[in-house]
Amino acid sequence: MHIFDSVQKTKRKFEPLVIGKATLYVCGPTVYDDAHLGHAKSALVFDLLTRVFRANGYEVTYARNITDIDDKIIKKAIEQKKDIKSITDFYTEAFHAEMEQIGVQRPDIEPKATESLDAMFTLIQKLIASGHAYKTSDGDVYFDTQSDHEYLSLSHRVQDESQRQERVESSEEKKNPADFALWKNVKDGSVTFDSPFGAGRPGWHLECSAMIEKHLAYKDKPYAIDIHGGGADLLFPHHENEAAQTRCATKHELANYWMHNGFVNIDGEKMSKSLGNSFFLKDALREYDGEVLRFYLLSSHYRSNFNFNTHDLEASKKRLDRLYRLKKRLFGLGANNEETPFKKELLTALSDDLNISAALALIDEMIAHANETLDTAGKHKALKKELIANLAYIEEVLGFGVKNPYEYFQFGVDEATKQKLSELIEARNEAKKAKDFERSDALREEILSFGVQLMDTPHGTFWEKV
RNA sequence: GGUGCCAUCGCCAAGUGGUAAGGCCGCAGCCUGCAAAGCUGCUAUCCCCAGUUCAAAUCUGGGUGGCACCUCCA
């Protein structure tokens, strides 16, 4: 396995802290709103990563947090006159359901901020005790960035006070503008958590460091975990601050490797909460099969920026269709997991920093070769066994082709329409049998008006949603 | 202003020193009653300029053009 480390800015061979194991932590969603395509992309990328690690024989422990303490959640709760938990439960459930639709497997551990306060307190206390954090007269606790000589080593930034913008709510008592809150005292009585530092709320960066220590960290290694991942925007300040907290509170660095996925833009426009043009996953799922979205969002390299648009999505769907048509040809032929040259090549491609383009090219070539042989060869029992093994492997490692191929091609068609289609097809077949081609072509036109394409095969007439 | 990334066929997109993968679209053919699907064939010298090298899309320098982060954000 080779992965690109976004801190060292180079592709590195993966050397696990413990032989045969890989620990991965990814920053998950703040559950105050529906998941957008960026959340989907990030979840997809790290889902693929864990699958590839497992295919390489690693025992993976994958943790992705749920941020359920946050000012935006509280704001929404107040606006909607609901309690915090009903908001966070609702969006957590929605997130899980949507992730499942795009084939993202659940992480092994999914810690919540509300269930990790003890670990956060421990971390803050360690930081205060070691002189890396200080309290203000308001009761806030800040991390003292100047006390960490390695601060900014992650993002390679240079501190430039004259250009640095102040955050609106920063305290007058901060020693340094870059210092960030570990604990914020809350006096308005809205939503607070009791702590040894008074009632208030934890700073955002804190939870990841705390959760990693609590759930994942090796105690006796130079790094807490193997890999830390997240969206490209998190490198600074979020990950920089996490790294600083862990470095100063414990005797190890946070992660050996850092991976950041690129952004999703919509039709060339940056998607952002402040611009209000978020593209929600749930909206895309109404129009497209979840697996098509999975395929499309994964179809270019994870570090590139991704320009989401329906034109490319349609092209991507056609590519996935080819895989499903091969599945149709082999439908119902049982299982087989023998080793094949294709499987080896596919894993090699993906093990090189998730080279999805090379992997997809291999799949396309495999499909073309399979179709060609199935078209021409008389006996192909051994070939079919091999192809079934290949397809099963694509399902396992990439999560493509997991559905019933007939159902896949019927996405979005209701039962009444299906019934109507089957009647029309029967009528057309009778016309064909009577060599009344004028009528059969007219019926095909009528069928086409349902957005459905017919395919006559030796095994009967099938239809696909266009 | 600071830091960093990118620029490959009409579109999407691999390839980071050895002579341009793959998909979509298009054209031609095979197959088909006709189609669809499938298969076969055809389609780029890699933004510009200079340099290094036997050899560069790949390295260096300089341009030009995009973009990201520095502020909640995946």
Side-chain angles (χ1 to χ4, degrees), chain A residues 6 9 11 26-30 32-33 35-46 64 70-72 75 152 155-168 178 204 229-238 240 260-265 268 270-275 278 296 299-301 303-307 309 311-322 325-326 328-329 349 352 355-365 367-376 409 432 435-438 440-441 444-445 448 452-457 461-464 466:
Chain A
S6 42
K9 296 182 193 298
K11 206 186 276 184
V26 175
C27 293
T30 300
Y32 73 102
D33 204 351
H36 60 227
L37 295 173
H39 292 111
K41 171 85 180 176
S42 176
L44 247 9
V45 164
F46 293 103
R64 183 186 60 205
D70 182 273
D71 287 355
K72 294 184 287 296
K75 186 168 171 246
L152 300 182
S155 56
H156 309 292
R157 276 162 209 279
V158 285
Q159 197 69 271
D160 185 344
E161 299 312 327
S162 63
Q163 295 299 328
R164 193 176 174 83
Q165 300 214 349
E166 276 292 308
R167 286 188 47 184
V168 184
W204 173 47
D233 56 322
L234 296 179
L235 180 57
F236 186 86
H238 187 52
E240 186 74 61
H260 292 92
N261 64 275
F263 260 51
V264 178
N265 296 328
K270 182 191 152 114
M271 172 170 52
S272 108
K273 283 172 187 164
S274 47
L275 291 177
S278 292
Y296 175 49
S299 68
S300 72
H301 192 82
R303 276 187 281 121
S304 314
N305 282 338
F306 191 93
N307 185 33
N309 64 84
H311 174 266
D312 293 348
L313 200 171
E314 292 290 349
S316 224
K317 178 184 179 303
K318 286 179 181 174
R319 205 172 181 180
L320 216 212
D321 287 351
R322 288 165 46 77
R325 293 209 182 93
L326 179 60
K328 267 187 174 176
R329 296 187 76 165
D352 179 16
N355 190 335
I356 191 74
S357 292
L360 294 182
L362 285 167
I363 291 172
D364 286 325
E365 281 159 11
I367 292 171
H369 181 251
N371 279 321
E372 185 190 3
T373 315
L374 290 170
D375 282 347
T376 56
F409 284 112
K432 276 179 68 177
K435 300 227 184 296
D436 182 356
F437 294 124
E438 200 172 314
S440 77
D441 288 351
R444 183 167 58 201
E445 283 303 309
L448 195 60
V452 163
Q453 180 67 58
L454 287 187
M455 311 173 122
D456 293 324
T457 78
T461 300
F462 299 102
W463 60 269
E464 294 182 358
V466 178

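We name chains A, B, ... by the order of the sequence lines, and we start the count at 1 in each one. This one's a predicted model, so the numbers in the text were calculated from it and none came from an experiment.
- Rounded to whole Å, the C1' atom of B:U8 lies 14 Å from the corresponding atom of B:G22.
- Comparing the same atom, C1', in B:C42 and in B:G4 gives a spacing of 42 Å after rounding to whole Å.
- A:A361 comes within 4.0 angstrom of a nucleotide base, judged by non-hydrogen atoms across all strands.
- Within the 4.0 angstrom heavy-atom criterion, only backbone atoms of the sugar-phosphate kind lie near A:A368; the bases stay farther away.
- Rounded to whole Å, the distance from CZ on A:F462 to C1' on B:G38 is 15 Å.
- Among the heavy atoms of the strands lying under 4.0 Å from A:G231 are primed sugar atoms or P, OP1, OP2 only; no base atom is included.
- When heavy atoms are screened at a 4.0 angstrom cut-off, A:L454 is found touching base atoms of the nucleic acid.
- Between A:R329 and A:N371, the side chains place a donor N or O and an acceptor N or O closer than 3.5 Å (distance only, hydrogens not considered).
- Residue-level contact check: A:R322 touches the backbone only, with heavy atoms under 4.0 Å from sugar-phosphate atoms and none from bases.
- An OP1 or OP2 oxygen of B:C73 is reached within less than 4.0 angstrom by a side-chain nitrogen or oxygen of A:W204.
- Side chain of A:D456 to backbone of A:T461: no donor-acceptor contact under 3.5 angstrom is found.
- We find that A:E464 and A:R325 are joined by a salt bridge, their nearest charged nitrogen and carboxylate oxygen being less than 4.0 Å apart.
- Taking the C1' atom of each, B:A7 and B:A14 are spaced 15 Å apart, rounded to whole Å.
- Distance check on atom P: B:C48 versus B:C72 gives 41 Å, rounded to whole Å.
- A:T373 places a side-chain N or O within 3.5 Å of a backbone atom of A:H369 that can act as its donor or acceptor partner.
- A:K318 comes within 4.0 angstrom of the backbone, heavy atoms only, and of no base.
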Under-3.5 Å N/O pairs linking protein and nucleotides 16-19 of chain B:
none

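- For A:R157 and A:F236, the positive end sits near the middle of the six-membered ring, less than 6.0 Å away and at most 45° from its axis.
- The CG-P distance, from A:L235 to B:C73, rounds to 14 Å in whole Å.
- Side-chain N/O atoms of A:R325 include one lying less than 4.0 angstrom from OP1 or OP2 on B:G38.
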Please produce a list of atom pairs where a protein N or O lies less than 3.5 Å from an N or O of nucleotides 6-13 of chain B.
residue, atom, partner, partner atom, Å
B:A13, O2', A:S357, OG, 2.8

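- Rounding to whole angstrom units, CD of residue A:Q453 and C1' of B:G38 are separated by 14 Å.
- Heavy-atom contacts from other residues, nucleotides or ligands closer than 6.0 Å to NE2 of A:H156 number more than 12.
- The C1' atoms of B:G18 and B:A57 are separated by 13 Å, rounded to the nearest whole Å.
- In this structure, the side chain of A:N265 does not engage the main chain of A:F263 through any donor-acceptor pair within 3.5 Å.
- Among the nucleotides B:C72, B:G33, B:A74, the one closest to the side chain of A:F263 is B:A74.
- As judged by a 4.0 angstrom heavy-atom cut-off over every strand, A:R157 is placed among the base-contacting residues.
- Residues A:L448 and A:Q453 form a side-chain contact, since some pair of their non-hydrogen atoms from C-beta on lies under 4.5 Å apart.
- Using bins of under 30°, 30° to 60° and over 60° for the plane-to-plane angle, the ring pair A:Y296/A:F306 lands in the perpendicular bin.
- Of the two residues near RNA chain B, A:V264 and A:S440, the one whose nearest nucleotide lies more 5' is A:S440.
- Comparing B:C59 with B:G65, their P atoms sit 22 Å apart, to the nearest whole Å.
- When distances run from any side-chain atom of A:D375 to the nucleotides B:A68, B:G33, B:C39, the shortest one goes to B:C39.
- Between A:I356 and A:R329, the one whose closest nucleotide on RNA chain B sits nearer the 5' end is A:I356.
- Atom-to-atom, CG of A:L320 to P of B:C24 comes out at 12 Å; the value is rounded to the nearest Å.
- Of the charged side-chain nitrogens involved, none lies within less than 4.0 Å of a carboxylate oxygen, so that A:D71 and A:K75 do not count as a salt-bridged pair.
- A heavy-atom distance below 4.5 Å is not found between the side chains of A:V26 and A:V45.
- With salt bridges taken as basic N to acidic carboxylate O contacts below 4.0 Å, none links A:K318 and A:D321.
- Distance, A:N371 CG to B:C30 C1': 15 Å, rounded to whole Å.
- Only the C1' atoms considered, B:C31 is 23 Å distant from B:G23, to the nearest whole Å.
- Taking every side-chain heavy atom of A:L234 into account, B:A74 is the closest of B:A74, B:A68, B:C70.
- Of the P atoms belonging to B:A36 and B:A68, the separation is 42 Å, rounded to the nearest Å.
- Between A:D33 and A:K72, no side-chain nitrogen of the basic residue sits less than 4.0 Å from a carboxylate oxygen of the acidic one, so the salt-bridge criterion is not met.
- Closest to the side chain of A:E372, from the set B:A36, B:C39, B:G23, is B:C39.
- Counting non-hydrogen atoms under 4.0 angstrom, A:N355 reaches the backbone sugars and phosphates but no base.
- Using a 4.0 Å heavy-atom cutoff across all strands shown, A:K432 reaches at least one base atom of the nucleic acid.
- In the interface, the side chain of A:R303 is not paired with the base of B:C5 through any donor and acceptor atom under 3.5 Å apart.
- The interatomic distance linking A:L152 (CG) with B:C69 (P) rounds to 18 Å, in whole Å.
- For A:N261, no side-chain nitrogen or oxygen approaches OP1 or OP2 of B:A74 to under 4.0 Å.
- If you check every strand for non-hydrogen atoms under 4.0 Å, A:E365 touches sugar and phosphate atoms only.
- Remark: C1' of B:A37 and NZ of A:K328 are 8 Å apart, rounded to the nearest angstrom.
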